[in-house]
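To start, the structure under review is shown below, and the notes come after it.
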There are 2 protein chains.
Amino acid sequence: MSRREPADPTHAGATADGEASVPPPSGPAGSPTLEQVAREAGVSLATASRALNGSTRNVRPEYRERVLAAARRLDYSPNLAAQAVAKGGSLTVALVVADITDPYFSSITSGVLHAAEELGLITTLAITERQPERESVLVRVLRGQRPKVIIVAGSRTGSAQDDELAAELAAFGRNGGRVALISQPSLPFRTVDIQNGAGAAALAERMIQLGYRSPAVLSGPAGLATARERTAGFVDTFAAHGHPVPEDRIIPGEFTRNGGFLAAEQLRRRGLSDVDLVFAVNDVMAVGAMVYLRDVGVAVPRDVAVAGFDDIDSLRDVTPSLTTVALPLAQIGRAAVELALRDDEDGADPARLPIEGAVMVRESTPPRDAP
Amino acid sequence: MSRREPADPTHAGATADGEASVPPPSGPAGSPTLEQVAREAGVSLATASRALNGSTRNVRPEYRERVLAAARRLDYSPNLAAQAVAKGGSLTVALVVADITDPYFSSITSGVLHAAEELGLITTLAITERQPERESVLVRVLRGQRPKVIIVAGSRTGSAQDDELAAELAAFGRNGGRVALISQPSLPFRTVDIQNGAGAAALAERMIQLGYRSPAVLSGPAGLATARERTAGFVDTFAAHGHPVPEDRIIPGEFTRNGGFLAAEQLRRRGLSDVDLVFAVNDVMAVGAMVYLRDVGVAVPRDVAVAGFDDIDSLRDVTPSLTTVALPLAQIGRAAVELALRDDEDGADPARLPIEGAVMVRESTPPRDAP
DNA sequence: CTGTTAGCGCTTTCAA
DNA sequence: TTGAAAGCGCTAACAG
């Protein structure tokens, strides 16, 4: 390849004034500074600043040109850290997710990134590796960046971890930061409130309509409100229709493909004789469960139906196609940054943005003949 | 929920000196500063700095305690931007990927995040949305953060875009930044060099061993070196064994599920009568192709075999399981940050870290009876 | 070991 | 409009 550092043939001479001692581009390291640009352009630091970043229309066009040219020549890149310290805040949004590898979170992340980019904000990402107790730690670290927004995507736990997170976030908010949560509205911050319970309930209704009567639930991590809400919404609805779900048909497990696999195994061990439907509280688990069932020769949906939650896009090609509750994940991410940034201080309570899921009935839960 | 801002009952009194005019925690906004902490602790700014962030063992334990206590009391969070400007560089790694929603990139991202976290670095993420020309733009923006490392994960194109990226990266490097690319070693920077050609060639060898003779290739975006290398490695190997692949059996398309789907459709339109194997240059496309084939009643692998590349974890449950070339994606991400940070300036050439793929033969390519 | 005092790069009054 | 100068919060000599 024909690449080599250009050696910058442009600026052979010095600037108008004879300041020969500080040749901008030959310094050992460090990006060119605004001051160098100013000198190179023959204007003051202030003017250079205004031309480059200040609100337009205050600097004489000619000067502006000169500054811009100088900046280009020196390959100037404004030091955002310096700007942040001078202005008292950075143009950054900090995002905390459980696992970037999980399509649920990567879709949300994608939404956040897009929204941020449109607003000229840079995004910082941190992951808890599915350990909720890390949320507050990470927020604490990220706070140091003085981001404009901190978004935490991940289920509340309802335990002390929530309080720690709240404390950290409150401190951030007190100092002028904006916050948005993506989860349950159980903390005093703006939150994109995913209607897990309602979604699961709606799914249950449909399943009942389709003729299902004795479901089992792969209920996810007991510690996560998201899992609990989905489980409860589903179970309660079945119960309300006269089909209570026995305790031993509710099997916890990780929010992962393996979690679903293992939970399904557990379920089978307990005997799924009369189980006609397995509801895994998220799609990834549902797929794990389907794989397990297939492995042990239980046909889906003939022997047992399966439903999930989330409508993960990359899972739309599983066979049979998966009945689920669709969530607009990318939109949720986008909504979170908008919600955080919104200026209205109308209601006293922190704003909630409810997001409804949409039941998608597919091949994994065909209509069932009444028994 | 029982949450309320704590109202901080701790600091009723003032500090030793009667500085009553600046009560730290009641200011309208802005995090407490080091100076406030110092004052609160009754020590100098410098001491506070040393106690909080400076290299240990220089501050009297008692003072250190006092400072730490004060910091905790005020809920102090060091301003990283200020630190960055004072130290002339931030503890940040900036990562550019094409699409965080693609498991290929989210896995790499995960690796980068883990490595960064272990090193106490914060990660900033930007996406090109699969537009290579955005790489240089994003790098330029990210440069402003004065990150310690910039990592660009994404195929080279071999066009002017590469040069723009190189220029931007060179400027960054010139100013002391570390760079790592994850792709082809065609630019003068350290790069995690994924052996696409070799991987595809190895796959082809195995396929030939298995009895395949007339493959078609869903070759991905013509503009991306990754796609070209994989295609060439595969095609050349078949040719070398006396089984040239006709031009019209090589069908470009996007690096996505839909890209694979559409390319497969295209392939069928051209007639896949005697095609015995479809090699999609990445797994996501392979799945798209399999779905298309299934939709039109072409059985995989009975009627035609399918192979992919990457070994995306979340795709391991497709049926039939997919033959592919496994890449240690998370490790690749981790390796990139380590490579960038490595201090040895041994060889004159920028360091290359070759990463080999491992052929995984699975159900989608069973042994084929000789024709 | 501690405090004083320059900066770091940039923004932003405040005069001119 | 422009420039001089005072910070922004923190670190790093440099003297005590």
Side-chain angles (χ1 to χ4, degrees), chain A residues 17 22 24 27-67 70-71 74 76-91 143-146 175-176, chain B residues 17 22 24 27-67 70-71 74-91 143-147 175-176:
Chain A
D17 57 80
V22 188
S31 297
T33 70
L34 226 209
E35 185 182 353
Q36 296 179 40
V37 173
R39 203 191 331 265
E40 169 90 5
V43 301
S44 76
L45 220 198
T47 298
S49 170
R50 291 190 269 250
L52 253 15
N53 316 306
S55 41
T56 41
R57 273 315 83 90
N58 324 315
V59 98
R60 196 196 311 176
E62 185 200 324
Y63 277 19
R64 171 183 303 288
E65 286 297 302
R66 291 237 301 265
V67 173
L74 299 185
Y76 172 73
S77 159
N79 185 322
L80 299 186
Q83 291 188 159
V85 68
K87 329 226 275 225
S90 69
L91 265 42
R143 266 222 281 156
Q145 295 229 51
R146 301 291 182 272
N175 300 324
Chain B
D17 56 77
V22 187
S31 296
T33 70
L34 225 209
E35 187 184 351
Q36 296 179 40
V37 172
R39 202 189 334 264
E40 169 89 4
V43 302
S44 76
L45 220 199
T47 298
S49 171
R50 291 190 271 250
L52 254 16
N53 318 305
S55 40
T56 42
R57 277 307 89 89
N58 323 314
V59 98
R60 194 198 311 177
E62 183 199 326
Y63 277 17
R64 171 182 303 287
E65 287 295 304
R66 290 238 301 264
V67 172
L74 299 185
D75 208 349
Y76 171 73
S77 159
N79 186 322
L80 299 184
Q83 290 187 161
V85 71
K87 326 225 275 226
S90 69
L91 265 40
R143 265 224 280 155
Q145 294 227 54
R146 302 291 184 273
N175 299 323

Seminar exercise, completed: Of all heavy-atom pairs linking B/R64 and B/A51, the shortest is NH1-O, 3.2 Å
Problem set entry | Under 4.0 Å protein heavy-atom contact, by nucleotide of nucleotides 7-16 of chain D - B base, S sugar-phosphate only | BBBBBBB---
Problem set entry | B/Q145 CD - C/dC8 P separation (whole Å) | 21 Å
Exercise. Are any of B/S44's side-chain N or O atoms less than 4.0 Å away from OP1 or OP2 of C/dT2?
Worked result: no
Problem set entry | Heavy-atom pair with the smallest gap, counting every atom of B/A82 and A/V85 | CB-CG2, 3.8 Å
Exercise. Atom CZ in A/R146, atom CG in A/L91: separation rounded to 0.5 Å?
Worked result: 15.0 Å
Problem set entry | d(CZ, A/R39; P, D/dG3) in whole Å | 14 Å
Exercise. Between A/S90 (side chain) and A/Q145 (backbone), is there a donor-acceptor pair under 3.5 Å?
Worked result: yes
For this session: Measure the spacing between CG of A/L45 and CD of A/Q36 and express it to the nearest 0.5 Å.
Result: 10.5 Å
